[in-house]
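Have a look at the structure below, then the notes.
Below, all heavy atoms of this structure are taken into account, side chains as well, without hydrogens, waters or symmetry copies.
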Amino acid sequence: MELLLIALGLSADAFAVSLSCGASEKKLPVKFALNASLAFGFFQSAMPVLGYFFGNLWAKYVFAFGHWISFAMLVLVGGKMIFEAIKNENLNHDKSFSNIKNVLFLALATSIDAFAVGVSFSFDSKPILISALLIGIITFFVSFAGFFIGRKFGDLFGEKAEILGGTALIAVGVKIVVSRYVG
């Protein structure tokens with residue numbers, strides 16, 4: 001049960017990002033949502049493994065700067081989404097924001113905290129491969145659902161969805177930094 005809660009907690013940022021990406025898309029091919037969800041699941045499962053095996057070497061750097069790296073990546077992408085939405089609104093044409101390169105960048109940004117979880121697993125002697133697999137599978141399904149829930153949200157809010165999506169990414173970045181110092 002504890003591992004399930006950890007997996008759901010780790011997948012929350014990926015869910016928020018997939019909601020934002022889904023909301024910003026005019027068309028959301030299932031193949032794209034599958035590939036992007038696989039990327040989120042892969043990074044969320046790979047980072048605990050890296051943390052488990054290399055945590056003692058890198059932990060001090062990840063703990064010191066990881067939240068700022070995630071914050072910068074999410075603000076950069078969120079800001080770009082907002083900028084593109086405003087620019088496209090002024091030019092009156094559509095441009096898709098979500099592509100696999102951006103999704104890989106976001107998947108990495110939202111998975112950095114999973115590295116710290118892997119480090120903690122190494123101290124508790126938890127079975128890392130089973131844990132990482134469960135984290136990845138849950139993140140895949142949560143992200144996949146997020147893309148389509150976000151797409152419905154995008155239909156509801158129309159042109160403003162990309163601005164809301166970019167704002168949500170920035171908010172996730174702020175939450176990561178705030179939770180590092182408050183929680």
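- Among residue pairs with one or both ends in residues 163-176, those qualifying as side-chain hydrogen bond (donor to acceptor under 3.5 Å, both in side chains) are Asp13-Lys175; sequence neighbours excluded.
- Met47 and Leu5 fall into different hydrophobic clusters, where Ile, Leu, Val, Met, Phe, Trp and Tyr residues are linked whenever their side-chain heavy atoms come under 4.5 Å apart, directly or through other members.
- Residues Val30 and Phe148 form a side-chain contact, since some pair of their non-hydrogen atoms from C-beta on lies under 4.5 Å apart.
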Quiz item: How far apart are the C-alpha atoms of Ile138 and Leu10, what are their side-chain angles, what is the distance that settles it, and do they pass the side-chain contact (heavy atoms from CB on, under 4.5 Å) test?
Solution: CA-CA 9 Å; Ile138 287 175; Leu10 288 174; over 6 Å; no
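- Ser11 contributes no side-chain N or O that, together with a main-chain N or O of Thr139, makes up a donor-acceptor pair within less than 3.5 Å.
- Looking at every heavy atom in both residues, Ala132 comes nearest to Val49 through CB-CG2, 3.6 Å.
- In the displayed structure, Phe42 atom CZ is contacted under 6.0 Å by at most 12 heavy atoms of other residues, nucleotides or ligands.
- For the atom pair CG (Leu106) and OG (Ser18), the distance works out to 10.0 Å, reported to the nearest 0.5 Å.
- Annotation: the span from Asp113 atom CG to Ser179 atom OG amounts to 8.0 Å, rounded to 0.5 Å.
- The two residues Ala14 and Ser143 have their closest heavy-atom pair at CB-OG, 3.5 Å.
- Here the CZ atom belonging to Phe71 is positioned 11.0 Å from the CG atom belonging to Leu76, to the nearest 0.5 angstrom.
- By the rule that hydrophobic residues join a cluster once side-chain heavy atoms approach within less than 4.5 Å of another member, Ile6 and Ile130 end up as members of separate clusters.
- Closest approach of Val103 to Phe32, counting heavy atoms only: CG2-CZ, 3.5 Å.
- In this structure a side-chain-to-backbone donor-acceptor pair under 3.5 Å is present from Gln44 to Thr110.
- The two atoms that bring Ile170 and Gly79 nearest to each other are CD1-N, 3.9 Å, heavy atoms only.
- Taking the six-membered ring where the residue is Trp, Phe140 and Phe144 present parallel rings, their angle staying beneath 30° rather than reaching 60°.
- Connection of Val182 to Trp68 is established within a shared hydrophobic cluster, with ILVMFWY side chains joined at heavy-atom distances below 4.5 Å, either directly or through further cluster members.
- For the pair Phe147 and Phe40, the minimum side-chain heavy-atom distance is below 4.5 Å.
- One finds the CZ atom of Phe15 at 11.0 Å from the OG atom of Ser37 (value rounded to the nearest 0.5 Å).
- A side-chain donor-acceptor contact under 3.5 Å links Ser111 to the backbone of Leu108.
- Using a 4.5 Å heavy-atom cutoff, the side chains of Ile112 and Phe43 are not in contact.
- In this structure, the side chains of Ser45 and Leu133 stay at 4.5 Å or more apart for every pair of heavy atoms.
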